[in-house]
Amino acid sequence: MPVVNDRVPLVGSERHIRKGQTLVGPADSHERLSVTVQLRRRPGGPELPDLETIGRERPSRRRQVDREALMAALGADPGDLEKVKQFARHHELTVEETFPERRTIRLSGTVDRFNRAFGVQLKQYREGAHNYRSRQGSVFVPRHLQGVVERVSGLTDRPLAAPHNKAMPKIAQGVTAQQVAQLYDFPQGVDCSRQNIAVIELGGGYDQNDLDTYFHTMNLPSPNVVTIGVDGAGNNYGDPSGADAEVELDIEVAATVAQGANIIVYFAPNSEQGFIDAIYAAVFSSQYPPTAVSISWGAPEAAWTPAGLAGMDWACFLAALFGITMTAASGDNGSNDNVYDGLAHCDFPASDPYVLACGGTSLQLDGNGALQNEVCWNNGNGWATGGGVSDTFPLPGWQPEDEIPRQVDTGLQGRGVPDLSGNADAMQSPYEVVVDGQWMSVGGTSAVSPLYAGLMAVIAASSGYRPGFISPLLYQLMAQPNLFFDVDSGSNTVQPAPGYSAVKGWDACTGIGRVYGNLLLAQI
């Protein structure tokens with residue numbers, strides 16, 4: 001293994017030249033950065049619980065976990081934290097915050113000092129319309145921190161994820177989230193005022209006037225929306241990137257389904273550091289402990305560093321362990337996942353096994369708004385539901401091996417995506433929402449994630465039990481008569497990538513299919 005001044009490369013930190021990436025020049029050596037360092041789990045800690053076994057049980061029969069005890073047992077070792085603090089002091093970096101339960105420590109300092117501390121050369125790059133700071137190769141750590149430090153995020157601020165929606169001026173054949181919830185037989189009229197739904201946003205913002213207009217039209221009270229800034233981000237309403245459509249869609253759909261629920265919006269920078277830090281902030285919140293966390297942003301698995309992907313996976317594991325349902329959009333560009341390299345790709349974090357991956361369908365309604373059929377969403381113009389077989393995560397024990405196909409390019413087994421699906425068609429059955437002061441028609445799997453996050457809150461309020469890590473139970477219930485609507489028509493092929501077809505049973509377009517809410521409630 002190469003050594004740089006008695007430092008060794010941090011496993012999984014490698015970055016490479018990207019297609020379309022142009023070097024602009026060195027980064028400003030005086031620019032101040034805030035960097036998150038993640039440490040290993042406390043040595044000699046308890047064995048990790050068997051989440052597959054827990055997840056197969058009905059939530060009403062699960063033993064409640066001691067959250068505080070788990071956080072202490074699975075957190076960082078005080079000695080390891082002190083080693084990193086000494087390292088920071090040696091390199092004249094400031095320790096801003098320490099989170100032992102998250103196993104993270106936040107350091108600040110100049111580009112020059114971080115270059116020296118981690119053996120990197122930060123530079124400015126341009127890719128399309130974006131200028132950003134990044135690096136090539138590995139991050140290096142001292143030998144005595146080898147195995148202690150697992151991830152360093154924040155040296156790079158390249159935009160990582162994209163919102164999974166398509167917005168356009170309002171068209172005639174749109175539907176409301178209320179209609180979709182009724183068509184899917186979600187429980188109605190449930191008081192969710194004791195439920196918190198966390199929503200992760202990496203850009204954009206919302207305006208209270210937009211929310212008031214929307215909910216007044218729906219004959220519903222406006223929800224209690226709480227804004228929490230992560231890593232210096234905040235409610236950036238009027239964002240020229242167009243991300244307002246994502247933020248207001250998420251709030252309006254989740255709060256329509258789970259009436260009265262508190263919507264906690266976590267705004268973070270669109271970077272590996274920001275994305276992961278936002279998830280940790282939501283999962284570890286004691287002030288607003290979430291029933292569900294909805295994520296409508298994502299990126300192809302290959303866009304992540306292995307260390308960043310592992311950091312996000314640990315956060316998703318902890319959410320499952322704490323009894324939080326994580327929902328994530330599976331993407332809007334079919335099996336291609338907006339990569340266009342001729343290969344099939346899965347979107348992350350939807351492909352994480354501890355996340356309820358949400359795919360997209362198209363509603364076929366008659367003139368009276370009655371549901372006639374539901375098919376795989378694919379508009380034939382590059383917009384289609386994401387899905388496929390992971391290149392990163394192995395096939396989990398709760399997914400049926402005989403129904404999950406091999407990855408279409410490699411022939412290897414892997415985690416199948418999505419788990420459930422719901423209306424996402426931006427052309428045939430878009431959601432009517434208010435964005436930037438006007439009614440818009442919005443589709444995409446971005447809408448499906450808050451839709452199911454809302455259902456989890458409704459189920460928790462109705463039953464008194466949080467669904468939590470529910471994926472293994474859903475697969476166990478696949479044979480239950482009438483619990484799911486099996487979407488078995490269409491495909492998610494987007495050229496030039498090969499795709500997958502919707503078939504009877506599970507498929508890599510729509511997963512198990514779409515669930516009937518009241519029937520799922522009866523299984524809790």
Side-chain angles (χ1 to χ4, degrees), residues 36 102 104 153 159-165 195-206 223 225-237 239 241 243-255 258 261-285 287-299 303-304 308-309 311-320 322 324-332 347-352 354-358 386 444-454 456-457:
T36 301
R102 303 185 197 180
T104 63
S153 297
L160 173 64
H164 292 318
N165 74 75
Q195 307 301 315
N196 298 320
I197 300 175
V199 178
I200 306 300
E201 304 295 355
L202 306 180
Y206 69 90
V225 180
V226 178
T227 296
I228 295 180
V230 177
D231 296 351
N235 181 3
N236 188 21
Y237 179 71
D239 184 350
S241 71
D244 290 354
E246 183 58 69
V247 178
E248 300 199 303
L249 170 74
D250 290 343
I251 295 171
E252 290 168 14
V253 170
N262 304 299
I263 309 299
I264 318 302
V265 186
Y266 290 85
F267 288 103
N270 186 0
S271 64
E272 177 183 281
Q273 178 191 28
F275 204 163
I276 299 173
D277 285 354
I279 300 296
Y280 276 117
V283 169
F284 282 94
S285 175
Q287 186 175 8
Y288 303 106
T291 299
V293 177
S294 177
I295 308 169
S296 292
W297 300 68
W304 292 74
L309 191 143
M312 179 70 86
D313 176 59
W314 178 250
C316 295
F317 171 85
L318 291 176
F322 294 164
I324 302 167
T325 306
M326 300 277 286
T327 65
S330 67
D332 294 344
D347 205 77
F348 182 80
S351 66
D352 192 282
Y354 303 111
V355 168
L356 185 66
C358 301
T445 56
S446 278
V448 188
S449 180
L451 185 81
Y452 279 121
M456 297 301 117

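Position 1 is the first residue of the sequence, and the numbers go up from there.
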### Evaluation steps, side chain to side chain contact (heavy atoms under 4.5 Å, CB included), between Ile295 and Ile279
CA-CA 9 Å; Ile295 308 169; Ile279 300 296; 3.5 Å; yes

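- Taking 4.5 Å as the limit, every side-chain heavy atom of Asn262 sits out of range of all side-chain heavy atoms of Tyr288.
- You'll find the side chain of Thr36 stays beyond 4.5 Å of the side chain of Ile276, heavy atoms only.
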### Message
As a quick check of understanding, evaluate side chain to side chain contact (heavy atoms under 4.5 Å, CB included) for Val226 and Gln287, giving each step before the final call.
### Response
CA-CA 11 Å; Val226 178; Gln287 186 175 8; over 6 Å; no

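- Glu272 approaches Ser153 most closely through the heavy-atom pair OE2-OG, 2.8 Å.
- Summarising the geometry, atom CE belonging to Met456 is positioned 8.5 Å from atom OG1 belonging to Thr327; distances are rounded to the nearest 0.5 Å.
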### Task
Apply side chain to side chain contact (heavy atoms under 4.5 Å, CB included) to the pair Leu160 and Asn270, showing each step before the final yes or no.
CA-CA 6 Å; Leu160 173 64; Asn270 186 0; 4.1 Å; yes

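- In this structure, the side chains of Phe322 and Val283 come closer than 4.5 Å at one or more pairs of heavy atoms.
- With hydrogens and angles ignored, the 3.5 Å screen pairs no side-chain donor or acceptor of Thr291 with any backbone N or O of Ile197.
- The only option from Val199, Val230, Asp277 that meets the side-chain contact (heavy atoms from CB on, under 4.5 Å) definition with Tyr266 turns out to be Val230.
- Using modelled atom types and a 3.5 Å distance limit, the side chains of Tyr452 and Thr325 yield no donor-acceptor pair.
- Distance check, rounded to the nearest 0.5 Å: OG of Ser449 to CE of Met326 gives 9.0 Å.
- What you find for Trp304 and Leu309 is that their closest heavy atoms are CE3-N, 4.0 Å.
- Using modelled atom types and a 3.5 Å distance limit, the side chains of Ser296 and Asp250 yield a donor-acceptor pair.
- Checking side-chain atoms of Asp244 against main-chain N and O of Gly204 turns up no donor-acceptor pair under 3.5 Å.
- Proximity of Ser285 to Ile264: side-chain heavy atoms (C-beta onward) are nowhere separated by under 4.5 Å.
- The two residues Asp352 and Cys316 have their closest heavy-atom pair at OD1-CB, 3.6 Å.
- For the atom pair Glu248 CD and Tyr237 OH, the distance stands at 5.5 Å (nearest 0.5 Å).
- For the atom pair Asn235 CG and Ile228 CD1, the distance stands at 12.5 Å (nearest 0.5 Å).
- Minimum interatomic distance between Ala350 and Ser330 (heavy atoms only, all atoms of both residues): CB-CA, 3.8 Å.
- Taking each heavy atom of Ser446 and Leu249 in turn, the nearest pair found is CB-CD2, 3.9 Å.
- Residues Trp297 and Phe275 share a closest heavy-atom pair of O-CZ, 3.6 Å.
- Looking only at distances, a side-chain donor or acceptor of Ser271 sits under 3.5 Å from a matching main-chain atom of Gly274.
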